[in-house]
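Here's the structure, in structure tokens; my notes come after.
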Protein chains: 2
Amino acid sequence: MPTTHTDALSQRLADSGLRATPQRELVYNVLLGKRDHPTADEVYARVRAELPTISLATVYNCLETLVQCSLVRAVNFERGPTRYCPNLHPHAHFHDENTGETYDVDLPPTILADIKAILPSGYDAKSVEVIFRGQAHRTAEVAAGE
Amino acid sequence: MPTTHTDALSQRLADSGLRATPQRELVYNVLLGKRDHPTADEVYARVRAELPTISLATVYNCLETLVQCSLVRAVNFERGPTRYCPNLHPHAHFHDENTGETYDVDLPPTILADIKAILPSGYDAKSVEVIFRGQAHRTAEVAAGE
DNA sequence: GTGAGATTTAGAACTATTCCAAATAGAACT
DNA sequence: AGTTCTATTTGGAATAGTTCTAAATCTCAC
């Protein structure tokens, strides 16, 4: 895990007047380390491997903090636990109904404008979320490119 | 509430080998009567005005049944209770971050194909969900047209 | 080093939902 | 009309996920 990420974290936190704690760094690194949209519980399990004394409440706190700083995106489709995804470029989510897994799909810049264009006047969208549901027949090739 | 809706309900239920009960009809009519994406609790409150002996568990059962029959759509953005929306033509949801209200936005037929076109090969989407977040400055005119 | 404020922690509390087992209601058949 | 069989409803208990709370701990600025 390169220091650059951790530095970006400190920076963002400082911008909001918050401190870079070991817990926050670890939670963030765990999210960066395996981008499979884990739940808070899953993050908790992964973080405890390195810092066994951390509490679940702290994991929730850290995740919330990261979301506040726009370093992480909270994702909610279907009732069930919130999932977390470290925020890079704009992307949609593809939810495989067979496996339950969620994949990121890059959004070409033009499509976002196209989608926003359907809004009638009076609606001012700050963000757009796109969720696909269906089946993914992913090749090994595709998975390797992630 | 015209009989046509109730008939459509009986039909759909029968197709799935289910019965058209007073509770199911009432829950469905409540959803049709006020399309403000109510939670199960809100549906419960509205239904009880007419059938005070209904139980919350039944409301959950009925909503689940209606979702199974594709007469109603369950909507989940942000952690919090599931909301229900009687399913007409394809539409996006606009979530006003100030008021917390959710509005339906019609999706022009072409945009769905455009959005699906961004999927790499190997992804087969059965449905697409679009959620906007921002502020709605709705005029009385717009609201009247619903 | 001390004080002030931020952060973490464990556990209690809360909310939304599902589960369960018993009671009820219908439809089909006699 | 009565019986049977199954679907449905019901209230309450149980569960899952998250938030709250108050005390302990850390860290920075002085």
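Naming convention: chains lettered A, B, ... in sequence-line order (proteins, then strands); numbering from 1 in each chain.
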Closest heavy-atom pair and its distance - B:Tyr84, B:Ala40: CE1-N, 4.1 Å
Smallest separation among heavy atoms of A:Cys62 and A:Val27, with atom names: CB-CG2, 3.8 Å
Between the protein and nucleotides 18-21 of chain D, which nitrogen or oxygen pairs are less than 3.5 angstrom apart?
from	atom 1	to	atom 2	distance (Å)
D:dT18	OP1	A:Thr82	N	2.6
D:dT18	OP1	A:Thr82	OG1	3.1
D:dT18	OP2	A:Tyr60	OH	2.6
D:dT18	O5'	A:Tyr60	OH	3.3

Short side-chain N/O contact from B:Ser55 to OP1 or OP2 of D:dT9, under 4.0 Å: no
N-O pairing of A:Asp124 and B:Arg133 below 4.0 Å: no
A:Arg46 with A:Asp36: basic N within carboxylate O range, under 4.0 Å: yes
I'd like to check [X] versus [Y] (side-chain heavy atoms, cut-off strictly below 4.5 Å). Are they in contact?
X       : Y       : answer
A:Glu25 : A:Leu9  : yes
A:Thr82 : A:Val75 : no
A:Ser16 : A:Gln68 : no

Residues in contact with DNA chain C, drawn from residues 20-27 of chain A - heavy-atom cutoff 4.0 Å: A:Thr21, A:Gln23, A:Arg24
[X] side chain to [Y] main-chain N or O, any donor-acceptor pair under 3.5 Å?
X       : Y        : value
B:Asn76 : A:Asn76  : no
B:Arg12 : B:Cys69  : yes
A:Thr99 : A:Glu101 : yes

Degree of bending in the helix from C:dG1-D:dC30 to C:dT30-D:dA1 once both end axes are built from five pairs, to 10°: 30°
Nearest-nucleotide pick for B:Arg19, side chain only, options being D:dC26, D:dT10, D:dT8: D:dT8
For atom OH of A:Tyr44 and atom P of D:dG17, their distance in whole Å: 14 Å
